[in-house]
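Mind looking over this structure? Questions follow.
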Amino acid sequence: MIGHQQASSPGLSHGLKQRHMTMIALGGVIGAGLFVGSGVVIKSAGPAAILSFLITGLLVVLVMRMLGELACSMPGGGSFYEYAREAWRDRPGVGRLAGFLTGWMYWYFWVIVVALEAVAGADLVRYWLPDVPNWSISLVLLVMLTLTNLVSVKSFGEFEFWFASIKVAAIVVFLFVAGVYVLGLTPASQGMHFGNLTGNGGFMPNGIVPVLTGAVAATGFYFGAEIVTIAAAETAEPQKAVAKATSSVITRVLVFYVGSIFLVACLVPWNAVGIATPYVSALNTMGVPAAAQIMNAIVLTAVLSALNSGLYASSRMLFALTRRGDAPQALAKVSRNGVPTRAILVATVFGYGAVVMSYVSPDKVFAFLVNSYGTVAIFVYILIAISQLRLRSRLEREAPHLLKVRMWCYPYLTWFAIFGMLSIVIAMAFIPEQRTPLALGVASLCILLLAYGVRQFLQRGVAPVVSSLSEAAQPEPQKY
């Protein structure tokens, strides 16, 4: 039988409500990458960037469905870190390695995001306060959201609810206003606006390769929706919360991303200078006053949301790692409010260290961090898909009644998702601008493999007694 994970992590509170979960899921996929980074993809692929975001979006939707199935069947702290271990239960050595890599790669991704968003947030704030130094703004943003996370999980949930609400509202308003304008339903539009989709060299002016390159680049823009399965451990009804949240993100992620990119491509020529700031240019085309001010505020909200989520996700994954001995036990300390304070502070310290590197060593240390974390995110998604492939077959044999949410067309769509993500990794080797991120991502993976080897050596050779006592202290797993 499959060992049942506890419905929540011991010590953590249950302060998140359904509305928090829904907005955490939706907000997780609407980041600064959509508002700013999408312009790079459109400039390269032309209007066919719509296909780039559609391809990647479909893969993310499939991964979210897999996570929804697993989280509803096996709710617990650590989410896919635990799934990776459980998937290889018949081969404990492989399971420990899979869990170790999944947990630490995910932690690594989010602490880099914390640093990147702190730097990006400083640049956005300086739009209004040009005389204030970047480093001081980054420090203020980090401290502010660290305190938010330290107070309680409800505090995190409330901040993320409102941050995500602003982002979602902005996208919904943009979809409505731009949709009406493109269809020529306003006096100012003077007819329908679809000419930019085929003009200026056609729908796919630079061929298929930039479309595939754009799909690779867009992968990092979508990452974040999976946070909801980690947050499930801090809700009163994890199965219900995850089922609703994952269902909502699946139907809306494609509308928000693909729909808004489609409208931008209609409004702004792909080869125009203004495509560098796609949404500002789209608003200017429609004659919206103070477009730059509005978008700067919205993007800042997206950055703060990502920073807030990064501190939360990295601390909870680090907390989960301590439960299995994959991280120092000292980091497992939980406050009276059910918050893993030390795990949060480690993410903050690492994040600010990376911010310092962005000024001290922007071309070496910081460049390594920036160029490696996106590839690491793809590795995590591949491990999630492999875990679901193995666990689903076991659940069908041993506990089919727990499959409240099911992956569509299993196992074919799971294999399709794995093939698609592996294709992205392989394609990176043949795309000049993606070779460095691929190489550095693989280097990060090798470093973690080395760290795992050292950990295993120390456990076997230096502290076998402590290790055995630690395992004996673990509660017996419940059975399905």
Side-chain angles (χ1 to χ4, degrees), residues 31-33 36-37 40 101 104-127 129-146 216-217 219-221 223-224 276 299-300 302-304 306-311 313-315 317-318 327-328 331 342-380 428-429 431-452 454:
V36 181
V40 177
L101 292 177
W104 279 110
M105 283 194 294
Y106 193 72
W107 179 86
Y108 176 73
F109 173 86
W110 279 111
V111 293
I112 300 306
V113 168
V114 167
L116 291 177
E117 302 301 347
V119 173
D123 290 336
L124 291 166
V125 171
R126 290 188 80 245
Y127 179 83
L129 304 172
D131 297 328
V132 180
N134 283 51
W135 67 267
S136 62
I137 299 175
S138 296
L139 175 61
V140 169
L141 295 179
L142 267 174
V143 170
M144 178 180 70
L145 290 175
T146 299
V216 175
T219 305
F221 299 165
F223 208 71
V299 174
L300 178 60
V303 164
L304 293 177
L307 180 52
N308 192 39
S309 295
L311 288 168
S314 59
S315 64
M317 186 55 72
L318 189 56
L331 300 177
R342 293 179 181 177
I344 293 173
L345 292 174
V346 166
T348 301
V349 170
F350 190 95
Y352 199 72
V355 169
V356 171
M357 287 299 105
S358 72
Y359 301 109
V360 175
S361 182
D363 299 325
K364 293 183 180 179
V365 178
F366 193 68
F368 174 87
L369 298 175
V370 170
N371 286 317
S372 62
Y373 86 114
T375 309
V376 164
I378 300 176
F379 291 160
V380 170
M428 293 175 74
I431 300 171
E433 59 266 33
Q434 294 293 333
R435 286 173 187 158
T436 297
L438 175 61
L440 295 179
V442 171
S444 300
L445 177 61
C446 291
I447 291 171
L448 285 175
L449 286 170
L450 178 62
Y452 180 78
V454 172

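Reckoned from all heavy atoms, side chains included, excluding hydrogens, waters and symmetry mates. In this text the structure is predicted, and so the values were computed from the model without any measurement.
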Hey, could you give me the CH2/OG distance between Trp110 and Ser315, rounded to the nearest 0.5 Å?
->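 Trp110 atom CH2 to Ser315 atom OG measures 11.5 Å (nearest 0.5 Å).
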
Evaluate the side-chain proximity of Tyr373 to Phe223: yes if any heavy-atom separation is below 4.5 Å, no if none is.
->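 Phe223 does not reach Tyr373 side chain to side chain.
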
Heavy-atom pair of closest approach, residues Val132 and Ser136 =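 Heavy atoms of Val132 and Ser136 come nearest at CG1-OG, 3.4 Å.
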
From Tyr108 atom OH to Phe350 atom CZ, the distance as rounded to the nearest 0.5 Å =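 Output value for this atom pair is 6.5 Å.
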
Do you know which two heavy atoms are closest between Val303 and Glu117, and how far apart they sit?
->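 Scanning both residues completely, I find the closest heavy atoms to be CG1-O, 3.0 Å.
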
Measure up the Tyr106 and Phe109 rings against each other and bin them: parallel (under 30°), tilted (30 to 60°), perpendicular (over 60°).
->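 The arrangement is parallel - the two ring planes meet at less than 30°.
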
Gap separating the OG1 atom of Thr146 from the CD1 atom of Ile344, nearest 0.5 angstrom |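 If I round to the nearest 0.5 Å, the distance is 8.0 Å.
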
How far does OG of Ser314 sit from CG of Leu318, to the nearest 0.5 angstrom?
->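 Answer for the OG-CG pair, Ser314 versus Leu318, is 7.5 Å.
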
To the nearest 0.5 Å, how far apart are OG1 in Thr348 and CG in Leu311?
->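 Interatomic distance, Thr348 OG1 to Leu311 CG, rounded to 0.5 Å: 5.0 Å.
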
Check: Trp135 and Val355 side chains under 4.5 Å, non-hydrogen atoms =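 When only atoms from C-beta onward are counted, Trp135 and Val355 do not touch, as no gap falls below 4.5 Å.
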
Residues forming a side chain to side chain donor-acceptor pair (under 3.5 Å) with Ser138, sequence neighbours excluded =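 In terms of side chain to side chain donor-acceptor pair (under 3.5 Å), with neighbours along the sequence ignored, Ser138 is linked to no residue.
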
Supply the atom-to-atom distance Trp107 CH2 to Leu448 CG, rounded to the nearest 0.5 angstrom.
->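 Trp107 CH2 to Leu448 CG: 10.0 Å, rounded to 0.5 Å.
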
Quickly, which of Leu145, Val299, Leu124 forms a side-chain contact (heavy atoms from CB on, under 4.5 Å) with Leu304? Name it, please.
->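 Going through the options one by one, the only one that passes is Leu145.
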
For the side chain of Ser361 and the backbone of Met357, is there at least one donor-acceptor N/O pair under 3.5 Å apart?
->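 No: the side chain of Ser361 does not pair with the backbone of Met357.
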
Do Arg126 side-chain atoms and Pro133 backbone N/O form a donor-acceptor pair below 3.5 Å?
->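 No, because the side chain of Arg126 does not come within donor-acceptor range (under 3.5 Å) of the backbone of Pro133.
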
Decide yes or no for Asn134 and Asp123: does some side-chain heavy atom of the first lie under 4.5 Å from some side-chain heavy atom of the second?
->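 Yes. Closest side-chain heavy atoms under 4.5 Å.
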
Going by heavy atoms in the side chains, are Ile431 and Val216 under 4.5 Å from each other?
->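 A side-chain contact exists here, since the closest heavy-atom pair is under 4.5 Å.
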
Kindly give the heavy-atom pair with the smallest separation between Val114 and Gly310, and that separation in Å.
->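 Looking at all heavy atoms of both residues, the shortest contact is CG2-C, 3.7 Å.
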
Can you check whether Thr375 reaches Val442 side chain to side chain, under 4.5 Å on heavy atoms?
->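 With C-beta onward as the side chain, the pair stays apart.
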
Considering non-hydrogen atoms only, spot the tightest contact between Ala122 and Leu141 and give its length.
->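 Reported closest heavy-atom pair: N-CD1, 3.9 Å.
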
Closest heavy-atom pair and its distance - Val113, Ala306 |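 It is CG1-O, 4.1 Å.
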
If you take all heavy atoms of Arg435 and Ala429, which pair is closest and at what distance?
->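 Heavy-atom minimum between the residues: NE-O, 2.9 Å.
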
